[in-house]
Structures are given as structure tokens and as C-alpha cells.
Amino acid sequence: MNRKLISKAFNDIDEAFIVETMNSPVKHARPSPERTVNMGKFEKPTYHTHSRRLISLILAACLVFTLAITAYAVNAFGIREMFRTQTRELPEAVDPYIQQHTETAAAEDWSARIRESLCDSGKILTTVTVTGGDKYIIVPTDAMPDDSVGIIGIKGDLTLSDYAAEQGKELLFVGASLMRNENLGVFTETQTFVNISDTEMNILLESGRSGEEEPGDAICLIYARDKDQNRLDLEVPFTLEPVPVEGERVYVPVDPNTIPGISVGEATVKETPMGLNIRWMETVTDLEAAYDIMKYDIEGVTYREGGGVQEDDGNWYYQFSMAEGSVGDTMIVHVYDWDKEPIGDIIFQEK
């Protein structure tokens with residue numbers, strides 16, 4: 001475990017949020033304290049201030065990521081439009097299932113509104129618009145007062161604090177998260193920020209979940225801090241309606257222990273309008289050998305999103321969400337090490 005990386009990751013994170021997401025370590029968990037997840041790969045973390053990336057390391061191998069991409073945009077309120085700011089596209093099949101929302105919460109000087117939501121058993125997508133009124137310049141939660149105004153799409157050499165003073169306003173640092181409950185089953189979150197103006201910002205909140213239960217009622221916490229580090233939070237309750245499951249298949253491993261360091265259990269493949277949700281149970285048998293695993297590739301499947309390990313009811317699972325492609329009677333998973341050399345294949349047979 002690299003203590004310098006962990007210290008850097010926790011720097012400037014509100015302790016209240018760390019405590020909120022803590023879980024007790026679980027025996028035989030597969031920890032990944034020095035890896036981020038990108039398109040099905042484990043990666044050693046990097047820190048780029050220009051990308052506005054904030055990584056919160058959570059205990060028990062649970063990671064919460066915040067990714068901010070800031071640029072002026074017009075009418076970029078919806079999930080599909082926010083995806084396009086990252087050169088990503090949602091499947092057209094999801095359009096009938098994108099929920100429109102009007103739920104709002106307001107404080108004296110600022111407000112937040114849920115715009116759209118979309119979810120299945122592997123992912124919840126939510127868009128939120130935050131407005132600062134006449135008092136606040138709205139900036140991403142991981143911004144710093146001395147950062148350039150370029151991160152909110154304004155040209156020039158001013159810092160955020162100088163710009164706010166010039167406008168006669170204050171900075172408000174804002175982020176969003178779904179408040180945890182059993183039905184949601186959220187284990188990772190990513191935020192994308194797009195400024196509409198200096199006083200209005202959209203957030204696309206992507207919450208990875210392992211949810212067999214209907215998500216039902218949810219609460220979006222819009223957390224904020226002002227220039228004096230005072231917490232100014234809003235909570236917006238709303239209801240989630242999952243897209244239909246169009247097909248589900250169950251697979252068993254031919255040899256659960258074929259890959260050194262791990263033992264795998266049953267795998268499930270669910271097909272929804274959002275894509276394929278694929279997951280299998282996984283137990284660490286040798287931690288050092290498990291750390292040699294860099295990525296998984298599934299024959300016939302590509303990943304719109306990444307994959308990750310999460311705990312569910314005392315068990316640990318590897319899960320991919322919003323994947324594209326198809327899986328036949330046999331599912332073959334290619335396993336690679338950090339040199340991108342093959343370790344071996346996990347072969348699952350339909351039950």
C-alpha cells in the first residue's frame with residue numbers, strides 16, 4: 001500500500017464524506033487501494049490538476065471517483081447531452097426510459113434541481129442543475145480558489161477568487177452524491193461538471209450499483225462549501241424507475257481456480273436497454289497473485305463503462321455495466337497482467 005498516494009487522495013476531502021462511505025473490511029475481500037478503474041482495466045492512479053480529477057479512497061476496496069470536465073454549454077441539461085461532453089453516446093434504446101424530473105430544493109441564496117434519471121441493476125445516471133442566484137459563482141467541488149477561471153469555461157488569466165471578487169460574488173464549491181440505502185446498492189460514483197454560466201452548473205452523476213432490489217425512492221445530496229469552508233447542503237428526494245430486464249443468463253465456471261490468486265463463482269449476464277450487466281463472484285486466495293491481474297477481456301463484449309469489485313451481502317463480485325456485444329452458451333474471459341501478457345482464461349458455461 002503506497003501511503004503517499006493515499007495521503008494525496010484524501011487531501012482536501014471533507015471528513016464527513018469519508019465517514020459516510022466507510023465500511024468495515026471483509027475477510028477475503030479483494031482490495032485495490034492503488035488502482036482506479038477505466039474501461040474494464042485496473043490502473044495505477046495518476047493525478048492531473050488540469051483534468052479536475054478527485055479520487056476518494058474508501059475502505060473495503062470501495063472507490064468513489066469524482067471527475068470534472070468544465071466547459072460552457074447551452075442546454076446541456078440531459079443525460080444524453082452530458083454524455084456527449086465526454087464524447088460518449090448512450091444507446092438509442094434507452095430514450096423511452098429516461099425519466100424527466102422537476103424535484104427541487106432551495107436554500108436562501110442557491111438551489112438545485114434534478115433534471116433526468118436512468119437506471120438498471122448496474123448503473124444509475126442522474127443529472128442535476130445547481131444555480132447560485134445573485135450571490136454565488138458555482139464551481140466543481142474539487143476546484144481551488146487559486147485555480148484559473150478556465151475550469152468554468154471563462155477565458156482570461158484571472159483566478160476563480162479574483163473573478164468572484166470582480167463580479168461582487170462568492171465562490172460556492174458544489175458536488176453531488178446519492179445517499180446510500182440498501183435498495184440502491186451504490187458502490188462507485190463519478191461526477192461530470194459542465195458550467196452553463198458562471199452561476200449555473202450541470203452535474204452528471206454516474207452511480208455504479210449492484211442492485212437486485214428495485215431502487216425506488218432515492219435522495220440526491222448536493223453538498224457545497226463556501227469560501228469559509230462552511231457546509232451548505234441540500235437534499236432532493238426523487239423516485240427511480242429501472243429499465244426492464246430483457247434477458248438474463250447464469251453461468252458456472254468450468255474451473256473456479258484457473259487463475260492464480262482468485263477463485264470465481266457463478267456469473268450472471270443481464271441485458272437491458274442500457275447494455276449488458278455482467279458480474280461474477282470472486283474470492284482472493286493469494287493477494288500478491290491477485291495484484292498481478294491488470295484487466296479482464298470478455299470475448300464478444302466491449303465496455304462502454306469500466307468494471308470494478310464490490311461487496312454485496314458479505315460476498316465480493318467483479319462487475320461490468322453498460323457493456324456492448326453478446327455472450328453465447330460459453331463465456332470466455334481473458335485475464336492479463338500489468339505487462340499486458342495473458343495470465344490465462346476463465347471459462348464459464350451456461351447453467
Q: Would you sort out whether Glu266 and Lys351 count as a side chain to side chain contact (heavy atoms under 4.5 Å, CB included), showing the intermediate values?
A: CA-CA 9 Å; Glu266 283 191 351; Lys351 193 172 181 179; 2.6 Å; yes
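- A distance-only check finds no donor-acceptor pair linking the side chain of Asp345 to the backbone of Ile347 [under 3.5 Å].
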Q: Show the numbers, then the answer: is there a side chain to side chain contact (heavy atoms under 4.5 Å, CB included) between Lys123 and Arg209?
A: CA-CA 5 Å; Lys123 182 79 72 172; Arg209 68 183 297 252; 5.8 Å; no
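- A donor-acceptor pair shorter than 3.5 Å can be found between the side chains of Thr330 and Gln349.
- Ser117 places none of its side-chain heavy atoms less than 4.5 Å from the side chain of Ile98.
- When every heavy atom of Ala105 is checked against every heavy atom of Val236, the shortest pair comes out as CB-CG2, 3.6 Å.
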Q: Could you walk me through whether Asp198 and Ile154 pass the side chain to side chain contact (heavy atoms under 4.5 Å, CB included) test, one step at a time?
A: CA-CA 8 Å; Asp198 57 4; Ile154 297 174; 4.1 Å; yes
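- Side chain of Trp338 to main chain of Tyr291: a donor-acceptor pair is present (N/O by atom type, distance under 3.5 Å, no hydrogens or angles).
- Within the model, atoms OH of Tyr136 and NZ of Lys169 stand 12.0 Å from one another, a figure rounded to the nearest 0.5 Å.
- Under the side chain to side chain contact (heavy atoms under 4.5 Å, CB included) criterion, Glu241 pairs with Gln99, not counting sequence neighbours.
- In this structure, a donor-acceptor pair under 3.5 Å is absent between the side chains of Tyr251 and Asp329.
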Q.
Under the criterion salt bridge (charged side-chain N to carboxylate O under 4.0 Å, His left out), I'd like the reasoning laid out for Glu200 against Arg113: C-alpha separation, chi angles, the key distance, then a yes or no.
A. CA-CA 11 Å; Glu200 191 170 35; Arg113 174 187 172 186; over 6 Å; no
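- Ser161 pairs by the side-chain hydrogen bond (donor to acceptor under 3.5 Å, both in side chains) definition with Thr159, not counting sequence neighbours.
- Taking the side chain as every heavy atom from C-beta outward, Ile137 and Phe173 never approach each other to under 4.5 Å.
- Looking at Leu240 and Ile124, their side chains come closer than 4.5 Å, going by heavy atoms from C-beta outward.
- Arg115 places no side-chain N or O within donor-acceptor distance of the main-chain N or O of Ile79, the cut-off being under 3.5 Å.
- Sorted pairs that involve residues 250-265 and meet salt bridge (Lys or Arg N to Asp or Glu O under 4.0 Å), not counting sequence neighbours, are lacking altogether.
- Shown here for Glu206 and Leu125, the closest heavy-atom pair between the two residues is CG-CD2, 3.6 Å.
- A donor-acceptor pair is defined here as one N or O able to donate and one able to accept, closer than 3.5 Å; no such pair exists between the side chain of Gln319 and the backbone of Trp280.
- A heavy-atom distance below 4.5 Å is not found between the side chains of Pro145 and Leu160.
- Distance check, rounded to the nearest 0.5 Å: OH of Tyr317 to CD1 of Ile278 gives 16.0 Å.
- Applying the side-chain hydrogen bond (donor to acceptor under 3.5 Å, both in side chains) test to Ser263 and every residue at least two apart in sequence or in another chain returns Asn257.
- Contact check for Leu171 versus Asp226: no side-chain heavy atoms found under the 4.5 Å cut-off.
- Atom CD1 of residue Ile203 and atom CE of residue Met201 lie 4.0 Å apart, to the nearest 0.5 angstrom.
- Side-chain atoms of Ile259 and Ile293, non-hydrogen and from C-beta on, do get closer than 4.5 Å to each other.
- Closest approach of Asp233 to Ala224, counting heavy atoms only: OD1-N, 3.3 Å.
- Considering all non-hydrogen atoms of both residues, Gly175 and Thr141 come closest at N-CB, 3.8 Å.
- Between Val194 and Met82 there is a side-chain heavy-atom pair separated by less than 4.5 Å.
- Residues satisfying the ring pair (Phe, Tyr, Trp, His ring centres under 6.0 Å) criterion with Tyr336, sequence neighbours excluded, are absent altogether.
- Lys340 contributes atom NZ, which lies 11.0 Å from atom CG of Asp337 (distance to the nearest 0.5 angstrom).
- Note on Arg80 versus Asp95: salt bridge recorded, some NZ/NE/NH1/NH2 to OD/OE distance being below 4.0 Å.
- Residue Met274 is grouped with residue Tyr97 when hydrophobic side chains (ILVMFWY) are merged at heavy-atom distances under 4.5 angstrom, including chains of intermediate members.
- Val333 approaches Ile298 most closely through the heavy-atom pair CG2-CG1, 4.0 Å.
- Neither side chain, His101 nor Glu116, offers a donor N or O lying under 3.5 Å from an acceptor on the other.
- Side-chain heavy atoms closer than 4.5 Å link hydrophobic residues (I, L, V, M, F, W, Y) into clusters, and following such links, possibly through other members, connects Ile219 to Tyr223.
- Shown here is Asn230, whose CG atom has more than 12 heavy atoms of other residues, nucleotides or ligands within 6.0 Å.
- A 6.0 Å sphere centred on CD of Glu246 holds more than 12 heavy atoms belonging to other residues, nucleotides or ligands.
- With a 4.5 Å cut-off on side-chain heavy atoms, Leu172 and Trp110 count as touching.
- At distances below 3.5 Å, at least one donor-acceptor pair connects side-chain atoms of Thr104 with backbone N or O atoms of Thr102.
- In terms of hydrophobic clustering, with Ile, Leu, Val, Met, Phe, Trp and Tyr side chains grouped at heavy-atom distances under 4.5 Å, Ile262 and Ile332 are assigned to different clusters.
- Under the salt bridge (Lys or Arg N to Asp or Glu O under 4.0 Å) criterion, the residue pairs touching residues 97-111 are Asp109-Lys135, with sequence neighbours excluded.
- The minimum heavy-atom distance linking Pro273 with Val94 is given by the pair O-CG1, 3.3 Å.
- In this structure, NZ in Lys270 is found 12.5 Å from CG in Leu276, a value given to the nearest 0.5 Å.
- Side-chain atoms of Ser148 come within 3.5 Å of backbone atoms of Gly150 as a donor-acceptor pair (strictly under, hydrogens ignored).
- Taking CD from Glu235 and CE from Met179, the interatomic distance works out to 4.0 Å, rounded to the nearest 0.5 Å.
- Without hydrogens or angle criteria, Asn195 side chain to Ile138 main chain gives a donor-acceptor distance under 3.5 Å.
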Q: Evaluate the criterion side chain to side chain contact (heavy atoms under 4.5 Å, CB included) for residue pair Val128 and Cys220; output intermediate values, then yes/no.
A: CA-CA 9 Å; Val128 183; Cys220 186; 3.9 Å; yes
